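The structure presented is a predicted model; accordingly, all values stated were derived computationally and were not measured. Throughout, numbering of the chain's residues begins at 1 and tracks the sequence.
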Amino acid sequence: MRSGSFGILDWVAVAGYVLVILGIGFWGTRRSDTSDDYFLAGRSISWPLTGLSLFATNMSGSTLVGLIGGAYQMGLVIYNYEWTAVVALLVLIFFFLPVYRRLGITTAPAFLEYRFDVRTRKYFSALALTGNVLIDMAGTLYAGAIVMRVVLPTLSLEVCVGVLALLAGMYAIAGGLRAAVYTDVLQGVLLLAGTACVSAAAYWQVGGWGAVESATTPSMRNLILPANSEVLPWPGLCTGLMLLGVYYWCINQVMVQRTMAARSLDEARQGALLAGALKLPVLILMVMPGLLALVLYPDLQNPDLVFPTLAFDLLPSGLRGLVLVSFVAAVMSSVDSVLNSASALLTMDFYAALRPEASERQLVLVGRIVAAVVLVLGAAIAPQIAQFSSLWTYLQSALSYLTPPIVAVFLGGLFVRRVNRYAAFATLVAGSLLALTFLLVDPGLHFLYVAGLLFVASLVVMGSVSYATATWTGAAPDTAVMWRRSDADVRPKTATAAVLLLTAIAVTVGVLW
């Protein structure tokens, strides 16, 4: 696809979007004078905004490119990452959110200080910051640059990454979470509209599902694959995949921060339910286009190019620009979210602890400086992702090695009174060292199996150290810091049941497809 095929109407659509989104972003900066305003939007976000912001942030440029490319490379099985997200969101709603909201914390690592000690909080916060830069920021900017190079092939990958970083950073660094959430709403709507256009155009061009059945093997059209599958073995659904989901939706500061900013616990829960419901149509909007592309482009060397190739080949001028806008929306939504998350982690978990006398103005200033540094680091790392077989492989592999010990410590802290501060810290350190060992000495296992093994090993360390140090722990943990049975009272129950039913229907459709 040549850059000349990108017509004047396309450029008008892109320019108009950039102006609108920057205007909304800077409008959101009008109340960012305190740390609560900058990092949590004054805890004033309604549930529809919370849900749309969660969805738009999750369906970032890296997820969109990786998901469609993953379907092209692996088949329908990639949808397992989407419906299991609904399960993880229900875990957030029932178990994690009540405790987070009761404590009134700004960052997820702060829970670890309440439950254990400050060193555990800081160690996890450092791990989370590493993930923000290496996974979230770098992956998103790389995905955006891949699409941008299809439009402007004369630009290098590094230049495209820099342009996207500059665009998103212009308002995200100034405005904080409020600007991010407001822009997420528009970006989420555009993302749904843009992917719907691509999916419909691809289906029309192919002529029906029969063409996909002729062009693909049965395994490409199966949602559940055998235990020895190199793509996504079914036991991995119950081990590694669920662990990744719990970390991403219940612990990852980028996502949790939006629920902490909601007006109340009930509104945070309703927003999470809305995000779960929006994940279900992804089967049609973002997975099916990858399979349809197998009919149209059976020999693409790089699966990450599937989405831009479909968009630029199949859509008319103007509409093509709208779809590019939807993609840029996804990139910017993720970048602004990661920036605010990283600045909250470093500012509140490190700087505020070192400088307790710091004023609100100083905290906001430090937060903006941190966001700028993270943006530069992510932009520097992003081009290196081209060395991996696909963006999806990079993202999921990195999460599988990083997250299992973290999930173990959070679950132990929520539910098991005997887990103490010594065990929590030892589990994080031992889990990190074991993950590094697996990276250096490849065990030859699927990364989801590696995640499961790391989780089991983390539980063993946590249980052993808790037992060995039982007499050192002192007072029992405050019950307000742990989950209570009464926290499971979720309203509205009808909406929760409806999302569960829709999830079951979506999975059934995927299995029978």
Problem set entry | Heavy-atom side-chain proximity of Tyr72 to Leu300 below 4.5 angstrom | yes
Seminar exercise, completed: Heavy atoms of Ala71 and Met220 approach each other most closely as O-CE, 3.9 Å
Problem set entry | Residue pair Leu157 / Tyr142, side-chain heavy-atom distance below 4.5 Å | yes
For this session: Under the side-chain contact (heavy atoms from CB on, under 4.5 Å) rule, collect the residues that match up with Ala88, sequence neighbours excluded.
Result: Trp249
Exercise. Heavy-atom distance under 4.5 Å between the side chains of Leu97 and Arg269, does that happen here?
Worked result: yes
Exercise. Any side-chain heavy-atom pair from Gln253 and Pro109 closer than 4.5 angstrom?
Worked result: yes
Exercise. Hey, is the main chain of Val231 close enough, under 3.5 Å, to the side chain of His446 for a donor-acceptor pair?
Worked result: yes
Seminar exercise, completed: Rounded to the nearest 0.5 Å, the OG atom of Ser199 sits from the CG atom of Leu285 at a distance of 6.0 Å
Problem set entry | side-chain contact (heavy atoms from CB on, under 4.5 Å) against Val465, all qualifying residues, sequence neighbours excluded | Tyr422, Ala423, Ala426, Val461, Thr469
For this session: List the steps and the verdict of side chain to side chain donor-acceptor pair (under 3.5 Å) for Arg258 and Thr50.
Result: CA-CA 6 Å; Arg258 276 143 177 74; Thr50 300; over 6 Å; no
Exercise. Does any donor atom in the side chain of Thr120 or Asp117 lie under 3.5 Å from an acceptor atom in the other side chain?
Worked result: yes
For this session: For the pair Arg421 (side chain) and Arg119 (backbone), establish whether a donor and an acceptor sit closer than 3.5 Å, ignoring hydrogens and angles.
Result: no
Problem set entry | Distance (rounded to the nearest 0.5 Å) between Leu294 CG and Gln73 CD | 10.5 Å
Exercise. Can you tell if the side chain of Ile68 reaches within under 4.5 Å of the side chain of Val198, non-hydrogen atoms only?
Worked result: no
Exercise. In Å and rounded to the nearest 0.5 Å, what is the SG to CD1 distance from Cys250 to Ile406?
Worked result: 13.0 Å
Problem set entry | CA sep, side-chain torsions, deciding dist, call: Leu92, Met255, side chain to side chain contact (heavy atoms under 4.5 Å, CB included) | CA-CA 11 Å; Leu92 171 70; Met255 308 308 295; over 6 Å; no
For this session: Please identify each residue that fulfils ring pair (Phe, Tyr, Trp, His ring centres under 6.0 Å) with Phe410, with sequence neighbours left out.
Result: Phe111, Phe124
Exercise. Rounded to the nearest 0.5 Å, how far does OG1 of Thr259 lie from CG of Leu89?
Worked result: 9.5 Å
For this session: Considering non-hydrogen atoms only, spot the tightest contact between Ile251 and Val256 and give its length.
Result: N-CG2, 3.7 Å
Problem set entry | Contact summary for Thr239 and Gly452, nearest pair of heavy atoms | CB-CA, 4.3 Å
Exercise. What pair of heavy atoms forms the shortest contact from Val86 to Lys279, and how long is it?
Worked result: CG2-CB, 4.5 Å
For this session: Could you grab the distance from atom CG of Leu445 to atom CZ of Phe438, nearest 0.5 Å is fine?
Result: 7.5 Å
For this session: Please state whether the rings of Tyr100 and Phe96 are parallel, tilted or perpendicular, taking 30° and 60° as the class boundaries.
Result: tilted
Problem set entry | Pairwise distance CG(Leu232) to CD1(Ile224) - rounded to 0.5 angstrom | 8.5 Å
For this session: Might you work through the side chain to side chain contact (heavy atoms under 4.5 Å, CB included) test for Leu314 and Leu296, ending with a clear yes or no?
Result: CA-CA 10 Å; Leu314 303 183; Leu296 299 172; 4.0 Å; yes
Exercise. Would you say Ser125's side chain and Arg121's backbone share a donor-acceptor pair under 3.5 angstrom?
Worked result: no
For this session: May I ask you to test the Ser432-Leu127 pair for a side-chain heavy-atom distance under 4.5 Å?
Result: yes
For this session: For residues Ala165 and Ala379, report the shortest heavy-atom separation together with the two atoms involved.
Result: CB-CB, 4.4 Å
For this session: Inspect the contact between Lys122 and Asp349 and indicate whether a charged nitrogen and a carboxylate oxygen are less than 4.0 angstrom apart.
Result: no
Exercise. For Phe95, which residues count as a ring pair (Phe, Tyr, Trp, His ring centres under 6.0 Å) partner, sequence neighbours excluded?
Worked result: Phe415, Trp483
Exercise. Is the gap between the ring centers of Tyr123 and Phe425 under 6.0 Å?
Worked result: yes
Exercise. Passes side chain to side chain contact (heavy atoms under 4.5 Å, CB included), Met462 versus Val419? Steps please.
Worked result: CA-CA 7 Å; Met462 188 163 57; Val419 175; 3.8 Å; yes
Exercise. If you measure only the distance, is there a donor-acceptor pair under 3.5 Å linking the side chains of Ser466 and Arg418?
Worked result: no
Exercise. How far apart are the closest heavy atoms of Ile78 and Met74, and which atoms are they?
Worked result: CD1-CE, 3.4 Å
Exercise. Who are the side-chain contact (heavy atoms from CB on, under 4.5 Å) partners of Tyr203, not counting sequence neighbours?
Worked result: Met288, Leu292
Exercise. Okay, side chain of Arg115, backbone of Gly413: is any donor-acceptor separation there less than 3.5 Å?
Worked result: yes
Seminar exercise, completed: Residue set satisfying side-chain contact (heavy atoms from CB on, under 4.5 Å) with Thr403, at least two apart, ordered chain then number -> Leu244, Tyr247, Leu399
Problem set entry | Stepwise side chain to side chain contact (heavy atoms under 4.5 Å, CB included) test for Met260 and Ile105 | CA-CA 8 Å; Met260 292 177 180; Ile105 54 182; 3.9 Å; yes
Exercise. Do Leu225 and Trp234 come within less than 4.5 Å of each other through their side chains, counting heavy atoms only?
Worked result: no
Exercise. Is the backbone N or O of Phe447 less than 3.5 Å from a side-chain atom of Tyr401, with the two atoms forming a donor-acceptor pair by type?
Worked result: no
For this session: Evaluate the side-chain proximity of Leu273 to Leu90: yes if any heavy-atom separation is below 4.5 Å, no if none is.
Result: yes
Exercise. Is there a donor-acceptor pair closer than 3.5 Å between any side-chain N or O of Arg221 and the backbone N or O of Thr216?
Worked result: yes
For this session: Determine yes or no for a side-chain-to-main-chain donor-acceptor pair under 3.5 angstrom, with Asn80 supplying the side chain and Leu237 the backbone.
Result: no
